[in-house]
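Notes follow the structure.
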Amino acid sequence: MKFSVILPVFNQPGYTEKCIRDLYATKAFFELLVIDNGNLFETKKLLKSLQQLYSFQILEFDRNKKWAQAINLGLKTLKLNEYVILLQNDCFVFEDFFDKVKREISSVDSQIKIFLPRTNYSRSKQLIIPEIANEFEKIKPSNKVFPKN
């Protein structure tokens, strides 16, 4: 199975770095498109340094397009593989992430080609996974917009 992963990013560099590093730690074959959704300088710099390590594509916008519009533009940009996974930068990605997606694919309607895993941190409530809660306490979510210099 071939996967395309679309990851819109709007700041939150701690979550973003963990998500991207954990995706590549799975050792799975996938194509990654990161959507720079109007990020601040710190996050832009992080994305460029991670791109040097992992060689993924970045689609850059000068202002936030919101998640749904960013996904739609990503779908138009990406050379799509057999299956598409839409992520948010606060999703927890474990070593068996793609194996679990493959199991889900085999148990659902074969017409389904796009998957949206549940996010772990949202505006409503954080999902706590005890095994990794301590690690994520170190990463503080930030949606603050700072004035441009």
Side-chain angles (χ1 to χ4, degrees), residues 1-102 104 113-149:
M1 294 180 179
K2 294 182 181 176
F3 293 100
S4 296
V5 178
I6 299 177
L7 177 66
V9 172
F10 183 64
N11 298 318
Q12 298 184 325
Y15 283 136
T16 300
E17 181 173 9
K18 176 146 182 58
C19 184
I20 292 172
R21 286 186 184 278
D22 288 351
L23 273 169
Y24 284 95
T26 65
K27 306 275 193 257
F29 176 77
F30 63 93
E31 176 185 18
L32 175 62
L33 171 64
V34 174
I35 299 174
D36 176 346
N37 211 0
N39 288 297
L40 298 173
F41 176 76
E42 178 185 357
T43 306
K44 286 182 181 300
K45 184 177 167 186
L46 169 72
L47 291 176
K48 295 290 185 193
S49 69
L50 290 172
Q51 185 184 39
Q52 295 301 311
L53 285 172
Y54 300 114
S55 191
F56 53 82
Q57 184 179 352
I58 298 176
L59 178 61
E60 196 169 343
F61 297 118
D62 57 350
R63 64 180 177 80
N64 189 306
K65 298 278 188 192
K66 303 297 182 199
W67 192 83
Q69 187 178 7
I71 289 292
N72 287 335
L73 292 167
L75 288 169
K76 291 177 184 176
T77 300
L78 199 59
K79 177 184 165 235
L80 299 176
N81 284 309
E82 189 176 4
Y83 296 97
V84 177
I85 298 173
L86 309 177
L87 282 184
Q88 295 186 44
N89 59 337
D90 61 355
C91 283
F92 299 156
V93 177
F94 298 100
E95 286 181 19
D96 61 348
F97 177 78
F98 288 98
D99 293 332
K100 286 182 178 180
V101 172
K102 289 174 187 176
E104 287 299 316
K113 301 293 182 190
I114 299 178
F115 296 86
L116 175 62
R118 186 168 117 186
T119 185
N120 296 292
Y121 186 87
S122 66
R123 292 184 180 126
S124 57
K125 188 175 181 182
Q126 186 171 6
L127 169 67
I128 301 298
I129 300 175
E131 309 88 69
I132 61 170
N134 291 337
E135 184 177 351
F136 271 82
E137 283 180 13
K138 300 174 199 165
I139 302 173
K140 301 294 182 196
S142 174
N143 286 321
K144 294 179 182 175
V145 177
F146 298 99
K148 293 180 181 175
N149 293 339

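All of these numbers come straight from a predicted model, not from anything done at the bench.
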Under the side-chain contact (heavy atoms from CB on, under 4.5 Å) criterion, do V93 and R21 qualify, and how do the steps go? CA-CA 9 Å; V93 177; R21 286 186 184 278; over 6 Å; no

When every non-hydrogen atom of C19 is compared with those of L87, the smallest separation belongs to SG-CD1, 4.2 Å

Where do T43 and P13 come nearest, in terms of heavy atoms and distance? OG1-CD, 3.7 Å

If you measure from CG on L50 to NZ on K45, what distance do you get to the nearest 0.5 Å? 12.0 Å

So V34 and N89, do their side chains get closer than 4.5 Å, heavy atoms only? no

Pairwise side-chain contact, I20 with L46, heavy-atom cut-off 4.5 Å (strictly under): no

Can you see which heavy atom on L23 is nearest to which on F30, and at what distance? O-CE2, 3.5 Å

Does Q57 have more than 12 heavy atoms from other residues, nucleotides or ligands lying within 6.0 Å of its CD? yes

By side chain to side chain contact (heavy atoms under 4.5 Å, CB included) - contacts of Q51 (at least two apart): K48, F56, I58

Using atom types as modelled and distance alone, determine if a side-chain donor or acceptor of N37 lies under 3.5 Å from a backbone N or O of K65. yes

For F61, ring-ring contact (aromatic ring centres under 6.0 Å, His included) partners two or more places apart: none

Do L73 and I35 have side chains that get closer than 4.5 Å, going by heavy atoms? no

Short question: side chain of D36, backbone of N39 - any donor-acceptor pair under 3.5 Å? yes

Using side-chain heavy atoms (C-beta onward) and a distance below 4.5 Å, is Y54 in contact with L32? no

The reported gap from SG in C91 to NZ in K18 (rounded to nearest 0.5 angstrom) is 12.5 Å

Please enumerate all residues that pass ring-ring contact (aromatic ring centres under 6.0 Å, His included) together with F97, with sequence neighbours excluded. none

Within the distance-only criterion (no hydrogens, no angle test), does the side chain of N11 pair as donor or acceptor with the backbone N or O of L40 below 3.5 angstrom? yes

Indicate the atoms forming the closest heavy-atom contact of F94 with T26, along with that distance. O-CG2, 3.4 Å

For Q88 and L7, which heavy atoms make the closest approach, and how far apart are they? C-CD1, 3.5 Å

Evaluate the ring planes of Y83 and F3, with Trp represented by its six-membered ring, and classify them as parallel (under 30°), tilted (30 to 60°) or perpendicular (over 60°). tilted

Calculate, to the nearest 0.5 Å, the distance between atoms OG1 and CD1 belonging to T77 and I6 respectively. 8.0 Å

So with a 6.0 Å cut-off around CD of E95, is the heavy-atom count from everything else above 12? no

To check you understand the geometry: which heavy-atom pair defines the closest contact between F98 and A28, and what is its length? CD1-CB, 3.4 Å

